[in-house]
Amino acid sequence: MREYLTRALERSGYAVAAVDRGTAAIPLLESQHFDLLLTDIVMPEMDGIELAQKAADLAPDLRVMFITGFAAVTLKAGKTMPQARVLSKPFHLRDLVLEVDRMFELERMSDNI
């Protein structure tokens with residue numbers, strides 16, 4: 001799934017750094033600048049909520065989007081990460097790209113106000 005998501009976002013003009021687990025994302029977040037963290041909630045070693053919390057400490061302006069098939073878990077995530085978007089599985093790749101586009105478009109609109 002990670003490969004499909006990466007390709008869809010790259011084809012839409014986004015630069016993507018993809019890793020297979022949250023613990024692999026932390027060194028990247030420490031050493032590089034990112035505009036968006038797109039993470040599944042259920043992952044080995046570190047879940048997406050914990051990853052998003054650590055990412056917020058490292059980069060407070062980082063946007064977060066969770067993808068998940070577990071709606072009850074996302075409610076908890078929404079309380080701890082109020083600025084996070086949630087995209088529920090199953091979804092079409094174009095839905096993912098549209099949601100990412102919306103996240104950046106909303107910011108561009110607020111910057112112009």
Side-chain angles (χ1 to χ4, degrees):
M1 181 175 202
R2 180 179 61 257
E3 291 175 17
Y4 290 119
L5 300 179
T6 297
R7 270 188 266 157
L9 290 169
E10 287 175 340
R11 286 182 183 149
S12 295
Y14 293 100
V16 178
V19 295
D20 65 347
R21 59 194 66 233
T23 52
I26 297 298
L28 291 176
L29 290 165
E30 291 172 336
S31 64
Q32 299 177 42
H33 170 77
F34 293 95
D35 296 312
L36 172 68
L37 170 65
L38 174 63
T39 181
D40 203 332
I41 290 181
V42 178
M43 298 184 298
E45 296 179 8
M46 175 188 294
D47 68 37
I49 295 170
E50 184 181 356
L51 173 60
Q53 290 168 336
K54 289 181 185 282
D57 291 339
L58 295 168
D61 294 332
L62 184 67
R63 296 165 199 84
V64 176
M65 181 184 295
F66 293 114
I67 54 174
T68 184
F70 300 94
V73 176
T74 62
L75 294 175
K76 178 182 174 188
K79 291 179 183 172
T80 59
M81 298 296 294
Q83 296 164 344
R85 287 271 180 102
V86 177
L87 188 60
S88 296
K89 295 177 190 172
F91 57 85
H92 193 280
L93 291 175
R94 75 174 165 260
D95 296 329
L96 168 72
V97 173
L98 285 171
E99 282 301 312
V100 171
D101 287 345
R102 279 188 200 119
M103 290 181 81
F104 290 105
E105 183 61 32
L106 287 174
E107 180 174 298
R108 281 191 290 273
M109 288 172 50
S110 67
D111 287 347
N112 292 330
I113 294 176

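When every heavy atom of Leu37 is checked against every heavy atom of Ala52, the shortest pair comes out as CD2-CA, 3.8 Å.
Met43 pairs by the side chain to side chain contact (heavy atoms under 4.5 Å, CB included) definition with Thr39, Asp40, Leu51, not counting sequence neighbours. Under the rule for a side chain to side chain contact (heavy atoms under 4.5 Å, CB included), the partners of Gln32 that lie at least two apart in sequence or sit in another chain are Leu28, Phe34. For Leu93, the side chain to side chain contact (heavy atoms under 4.5 Å, CB included) partners two or more places apart in sequence, or in a different chain, are Tyr4, Leu5, Ala8. Taking His33 as the reference, Asp35 meet the side chain to side chain contact (heavy atoms under 4.5 Å, CB included) condition, with sequence neighbours excluded.
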### Task
Give the intermediate values and the outcome of side-chain contact (heavy atoms from CB on, under 4.5 Å) for residues Ile26 and Met46.
CA-CA 10 Å; Ile26 297 298; Met46 175 188 294; 4.2 Å; yes
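Between Leu9 atom CG and Leu96 atom CG the span is 5.0 Å, to the nearest 0.5 Å. Here Ser88 contributes atom OG and Asp95 contributes atom CG; the two are 11.0 Å apart, rounded to the nearest 0.5 Å. Atom CD1 of residue Ile67 and atom CZ of residue Arg2 lie 10.5 Å apart, to the nearest 0.5 angstrom. In this structure, Arg85 CZ and Leu38 CG are separated by 12.5 Å, a value rounded to the nearest 0.5 Å.
The hydrophobic clustering, which links ILVMFWY residues whose side-chain heavy atoms are closer than 4.5 Å, places Leu98 and Met65 apart.
Arg102 and Glu99 are joined by a salt bridge, as a carboxylate oxygen and a charged side-chain nitrogen come within less than 4.0 angstrom of each other.
Listed by first then second residue, pairs satisfying salt bridge (Lys or Arg N to Asp or Glu O under 4.0 Å) with a partner in residues 9-33 read Arg21-Glu45, not counting sequence neighbours.
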